[in-house]
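This report concerns only the one structure given below.
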Number of protein chains: 2
Amino acid sequence: MKLTQLQYFKTICEYNNITRAAGKLHVSQPSLSNAIKELEEEFGISLFYRLSKGLTLTKEGEVLLEEATRLLEQADLLVSRMNVIRRESQIVKLGVPPMLASLIFPKLLHSYRSSFPNARLQMIENGTLTNKTMVTDGTLDAAIISCDGFLPAAFHYTDLLLFRIYFYVSGQNPLASQTSVDMEETANLPLVLLAEDSFLTDYLMQYYKAHSLTPNVIIYTNQIATIRQLVENNTAMTFLFENILEPGENIARLAVRNLPAIQTKLIWNANKKISSATQNLIRLSKINYQQSSVPD
Amino acid sequence: MKLTQLQYFKTICEYNNITRAAGKLHVSQPSLSNAIKELEEEFGISLFYRLSKGLTLTKEGEVLLEEATRLLEQADLLVSRMNVIRRESQIVKLGVPPMLASLIFPKLLHSYRSSFPNARLQMIENGTLTNKTMVTDGTLDAAIISCDGFLPAAFHYTDLLLFRIYFYVSGQNPLASQTSVDMEETANLPLVLLAEDSFLTDYLMQYYKAHSLTPNVIIYTNQIATIRQLVENNTAMTFLFENILEPGENIARLAVRNLPAIQTKLIWNANKKISSATQNLIRLSKINYQQSSVPD
DNA sequence: CGTTCTTACGCCTTGCGTAATTATC
DNA sequence: GATAATTACGCAAGGCGTAAGAACG
């Protein structure tokens, strides 16, 4: 029994006429005739009364029609579901923190699109903390995060780049003449920080707390452009990775002596199947950054 | 997409190993490898992660497995249902009145079995009236009945034999010396008749009623042997078709002057599909009795 | 005589098996 | 080197189309 035979059978039933069914199916009429014969032989029953004018279903044929219709519907369902799956499997939902959206994502997107033109990278902007949650619950296929050391076993990852944390101040600010700063010095200065679900803000606040310092945060925002303006105006100062704001006339960049460089990683759920598109992205990241950490 | 491909895929999933699946399916391992490749190409997804030790399903593969399992179950259902239908289609449920069970049925059964050794004829004993009901509601595929003239359009039929009605009396009865009898004469005699759902009894009672006669029926029975005994004992007399009781020392047979010969027919439901086995029986009856009445 | 299904036959595709190749541990 | 999947290739079966045949009105 083959699906084509059943499809042929069903179409013939719709017309009660092999010739017309053949036209509809774009096959020759003897092919259909043969398909029916094969079904009849396989099941040991006769499906049609052969009349001079067309055919009529037998009692047994009616049963086969009923079952064949069900089976073909199920087959159609399978095909359309697979079509959905194909499309879905070509979309990677990638969580990207605002700061890394400009540092890492553009390059990744570019090389991904050139390697896999059919696939789509869907970027969702979130802080590192939110990203982790969304990777865990499956909302995201993968995420770019910042990370210092420990990462739960629920995540697999590959390392991307290391970034130093810099302290950015207005060019008009007296601090602009220094090349570096201690964390302790920054506690009393007016700060603009990334939103509270960002790794950097979380990291800094933990540092302050650990050293019993209370920072003077005047605003949290995810908008890098906003941060830049506040710094340029000398309204506030900020911590950001290197290369986020270009040092120049209006902005000075100071190294932070007490802080190590921060590792950025591409993470994905260790306990879930990952789509081929996601897998491609991972592979590409490993190749681009030459730092494999877990096997595929 | 073919059912065999899906079956192969499903088996491979059970083992996560093409080689073992090939052993189970009794096909070569490249055949399975190829089937998977074809499915992957058709759906534009990859189904397995190829690892050194066997395979593991991808996310997309899991969806296909789910759908394939459903489809294959449906296909199995179709096949088993068709097997039931094949067996059923080889059984004809045939209603036969007691009297005709010995006159017509043995010959019909013999020629049917020799023409169609695989088919089965299942005889159900009923009077003509019950037979008609059971053909109408589909309990019977066909029935042998007696009939005078009119038959509703809900039945198709083919004529079998004509039978004359005879009046049987004991050899010791004074009537035994006559060769014929009038219906009127029989009204006051003690009668044993076939059960009330038999055509003959119904027919006789209508005759008596139409002529304002009240017959002296002492018992109704479907047992021809019982009737014979009652007649031989001279306890009662009876009406039966010719050749039911052989005239001889103990039994005399008298023609009934007022009654015409009765037509027996094979009938089937005009509004229902009939199985091929039933159709074969009909065809055979037409050939044996050379009296076609309606087209196939 | 036309309509329609069936049979016959040739071609080409496809499925399958054997054997060689690749890959991974 | 052992295990297991993939690739290459040749054969045989199956599907399909064309053309001829048969049944029925």
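Lettering follows sequence order; numbering is per chain, from 1. Source: prediction; values computed, not measured. Worth knowing before you read on, the calculation uses all heavy atoms, side chains too, and leaves out hydrogens, waters and symmetry mates.
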Crowded around A:K265 NZ? As in, over 12 foreign heavy atoms under 6.0 Å?
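Result for NZ/A:K265: enclosed.
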What's the closest nucleotide to the [X] side chain, out of [options]?
{"X": "A:E38", "options": "D:dG15, D:dG17, D:dA5", "value": "D:dG15"}
{"X": "B:L55", "options": "C:dC16, D:dA5, D:dT7", "value": "D:dA5"}
{"X": "B:S31", "options": "D:dG15, C:dG17, C:dT7", "value": "C:dG17"}
{"X": "A:V27", "options": "D:dA5, D:dG17, C:dG17", "value": "D:dG17"}
{"X": "A:I18", "options": "C:dT6, D:dT18, D:dG15", "value": "C:dT6"}
{"X": "B:K2", "options": "C:dG15, D:dG14, D:dA19", "value": "C:dG15"}

For A:Y8, answer base if it contacts any base atom (sugar-phosphate contacts may also be present), sugar-phosphate if it contacts only those atoms, and nothing otherwise; contact means non-hydrogen atoms under 4.0 Å.
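If one applies the 4.0 Å heavy-atom cut-off, A:Y8 turns out to touch the sugar-phosphate alone, with no base involved.
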Over all strands shown, is A:T19 touching base, sugar-phosphate only, or nothing at heavy-atom distances under 4.0 angstrom?
sugar-phosphate
Describe, in one word, how the ring planes of A:H156 and A:W268 are oriented to each other, choosing from parallel (under 30°), tilted (30 to 60°) and perpendicular (over 60°).
perpendicular
Rounded to the nearest Å, what distance is computed from the [atom1] atom of residue [X] to the [atom2] atom of nucleotide [N]?
{"X": "B:F9", "N": "C:dG15", "atom1": "CZ", "atom2": "P", "value": "18 Å"}
{"X": "B:I12", "N": "D:dA4", "atom1": "CD1", "atom2": "P", "value": "14 Å"}
{"X": "B:K37", "N": "D:dA8", "atom1": "NZ", "atom2": "C1'", "value": "10 Å"}
{"X": "A:R20", "N": "C:dT3", "atom1": "CZ", "atom2": "P", "value": "12 Å"}
{"X": "B:M1", "N": "C:dT14", "atom1": "CE", "atom2": "P", "value": "17 Å"}
{"X": "B:L32", "N": "C:dT14", "atom1": "CG", "atom2": "P", "value": "19 Å"}
{"X": "A:L3", "N": "D:dG15", "atom1": "CG", "atom2": "C1'", "value": "15 Å"}
{"X": "B:E41", "N": "C:dG15", "atom1": "CD", "atom2": "P", "value": "12 Å"}

Cation-pi, B:Y15 ring and B:K10 (6.0 angstrom, 45 degrees):
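The answer is no; the distance or angle limit is not met.
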Does NZ or CZ of B:K132 come closer than 6.0 Å to the centre of the six-membered ring of B:Y157, within 45° of the ring's axis?
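No, a cation-pi geometry is absent between B:K132 and B:Y157.
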If you assign each of A:T4 and A:P30 to its closest nucleotide in DNA chain D, which residue comes earlier from the 5' end?
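Whichever sits nearer the 5' end wins; that is A:T4.
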Phosphate OP1/OP2 of C:dT4: any A:Q29 side-chain N/O under 4.0 Å:
no
Does a nitrogen or oxygen in the side chain of B:S33 sit under 4.0 Å from OP1 or OP2 of D:dA5?
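For B:S33, the contact criterion (side-chain N or O under 4.0 Å from OP1 or OP2 of D:dA5) is not met.
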Return whichever of A:N34 or B:H26 has its heavy-atom-nearest nucleotide of DNA chain C closer to the 5' end.
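Result: A:N34.
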Separation of B:R70 CZ from B:L65 CG (nearest 0.5 Å)
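Reported value, rounded in 0.5 Å steps: 11.0 Å.
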